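Heavy atoms only: backbone and side chains are in, while hydrogens, waters and symmetry mates are out. Given the structure is predicted, the values throughout are model-derived calculations rather than measurements.
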Amino acid sequence: MSIPSAVKSTPIAGRQQLADYLASGEKPREAWRIGTEHEKFGFRTDDLRPPTFEGDRGIKLLLETLATRYGWDVAREGENPVALSRDMASITREPAGQLELSGAPLETSHQTGGEGNAHLEEVRSIGDGMGLGFLGMGF
């Protein structure tokens, strides 16, 4: 049994037709933005194991403290924090103990650099006291 496609069945007749179609989705230059994603893998500094979610050295406490200390809003599944948001940016926890900053849509790479540095300082200011380190492995 085949499922009908929602794609138009008329093939593209030429290169300009394809270029025009792609150009129709453009935003004006003044609306261009950069949104950075920065992923960090957490580890316990004494034994290099990944942090647990629960406990006095867990990701849950790190997220709760980030929210309280730095004004992030908390999204929860039941009692558990799963994401933080502030000023169109978010921090999510990933499956293997990573934290990911999904940055706000900003105008310049200098702004995204500042956002990333501020985020790392926030995480470090809490993680250091918990015996947690973070290694940036994806951008």
Side-chain angles (χ1 to χ4, degrees):
M1 179 172 125
S2 66
I3 299 172
S5 172
V7 178
K8 288 185 178 180
S9 61
T10 307
I12 295 172
R15 187 177 291 172
Q16 189 59 48
Q17 184 183 4
L18 178 59
D20 291 344
Y21 174 77
L22 294 174
S24 72
E26 290 180 354
K27 291 182 180 180
R29 187 182 225 18
E30 60 273 6
W32 289 2
R33 297 292 180 267
I34 303 166
T36 303
E37 290 192 2
H38 186 274
E39 195 166 294
K40 295 151 294 306
F41 284 81
F43 61 94
R44 298 185 315 202
T45 55
D46 57 349
D47 62 10
L48 306 181
R49 295 179 57 108
T52 60
F53 181 70
E54 300 283 346
D56 61 351
R57 296 174 69 191
I59 296 297
K60 179 178 181 178
L61 180 59
L62 179 79
L63 291 172
E64 297 281 8
T65 307
L66 279 168
T68 302
R69 189 179 296 176
Y70 294 107
W72 290 88
D73 295 318
V74 182
R76 298 181 184 279
E77 286 182 3
E79 294 295 315
N80 294 322
V82 294
L84 306 178
S85 61
R86 181 183 71 194
D87 300 328
M88 295 184 68
S90 65
I91 300 171
T92 53
R93 66 180 176 99
E94 303 292 317
Q98 312 96 290
L99 290 182
E100 181 177 290
L101 170 68
S102 296
L106 300 171
E107 294 181 18
T108 70
S109 59
H110 298 289
Q111 291 171 326
T112 62
E115 178 186 53
N117 288 337
H119 168 68
L120 289 172
E121 182 54 38
E122 289 179 7
V123 171
R124 187 177 299 120
S125 74
I126 298 165
D128 285 353
M130 296 172 66
L132 298 177
F134 288 88
L135 181 61
M137 296 290 290
F139 299 90

Any donor-acceptor pair under 3.5 Å linking the side chain of E100 with the backbone of I91?
no
From T112 OG1 over to E37 CD, what is the distance, rounded to the nearest 0.5 angstrom?
12.5 Å
Can a donor-acceptor pair be found, under 3.5 Å and without considering hydrogens, that links the side chain of S125 to the backbone of E122?
yes
Residues E64 and R69 bridged, charged N to O under 4.0 Å
no
Working to the nearest 0.5 angstrom, can you tell me the gap between M130 CE and T65 OG1?
6.0 Å
Do side-chain atoms of R33 reach the backbone of E107 as a donor and acceptor pair under 3.5 angstrom?
no
Nearest-0.5 Å distance, NE2 of residue H119 to OH of residue Y70
11.5 Å
Could you tell me whether the side chain of K40 and the main chain of H38 form a donor-acceptor pair under 3.5 Å?
yes
Check whether S90 reaches the backbone of L84 with its side chain - one donor and one acceptor, N or O, closer than 3.5 Å.
no
Any luck finding a side-chain donor-acceptor pair between E94 and T92 under 3.5 Å?
yes
A89 and L101: which non-hydrogen atoms are nearest, and at how many Å?
CB-CD1, 4.4 Å
Of all the heavy-atom pairs spanning L61 and G55, show the shortest one and how long it is.
CB-O, 4.0 Å
Using a 6.0 Å distance limit plus a 45 degree cone around the ring axis, check whether R49 lies over the aromatic ring of F43.
no
Would you indicate whether the side-chain heavy atoms of T108 and L106 approach each other to under 4.5 Å?
no
According to a hydrophobic-cluster definition based on side-chain heavy atoms being under 4.5 Å apart (Ile, Leu, Val, Met, Phe, Trp, Tyr only), do F41 and L48 belong together?
yes
More than 12 heavy atoms from other groups under 6.0 Å of CD on E77
no
Kindly give the heavy-atom pair with the smallest separation between V74 and P81, and that separation in Å.
CG1-CB, 3.7 Å
Co-membership, hydrophobic cluster, residues L99 and I126, 4.5 Å side-chain:
yes
Kindly check if the number of other-residue, nucleotide or ligand heavy atoms within 6.0 Å of CG (D56) is above 12?
no
Would you find more than 12 non-hydrogen atoms of other residues, nucleotides or ligands less than 6.0 Å from D47 atom CG?
yes
For residues P51 and I59, report the shortest heavy-atom separation together with the two atoms involved.
CG-CD1, 3.7 Å
Salt-bridged, K60 to E79, with N to O below 4.0 Å?
no
Show your working on side chain to side chain contact (heavy atoms under 4.5 Å, CB included) between R93 and L63 and close with a plain yes or no.
CA-CA 9 Å; R93 66 180 176 99; L63 291 172; 4.2 Å; yes
Begin from the C-alpha positions of F53 and N80 and carry the test side chain to side chain contact (heavy atoms under 4.5 Å, CB included) through to its verdict.
CA-CA 9 Å; F53 181 70; N80 294 322; 3.5 Å; yes
Regarding D20 and R15, does a basic nitrogen lie under 4.0 Å from an acidic carboxylate oxygen?
no
Side-chain donor/acceptor of Q17 to backbone N/O of A13, under 3.5 Å
yes
Enter the distance from L62:CG to F134:CZ here, rounded to the nearest 0.5 Å.
5.0 Å
Taking Y21 as the starting point, is it possible to reach I12 by hopping between hydrophobic residues whose side chains are less than 4.5 Å apart?
yes
Heavy-atom side-chain proximity of D73 to R86 below 4.5 angstrom
no
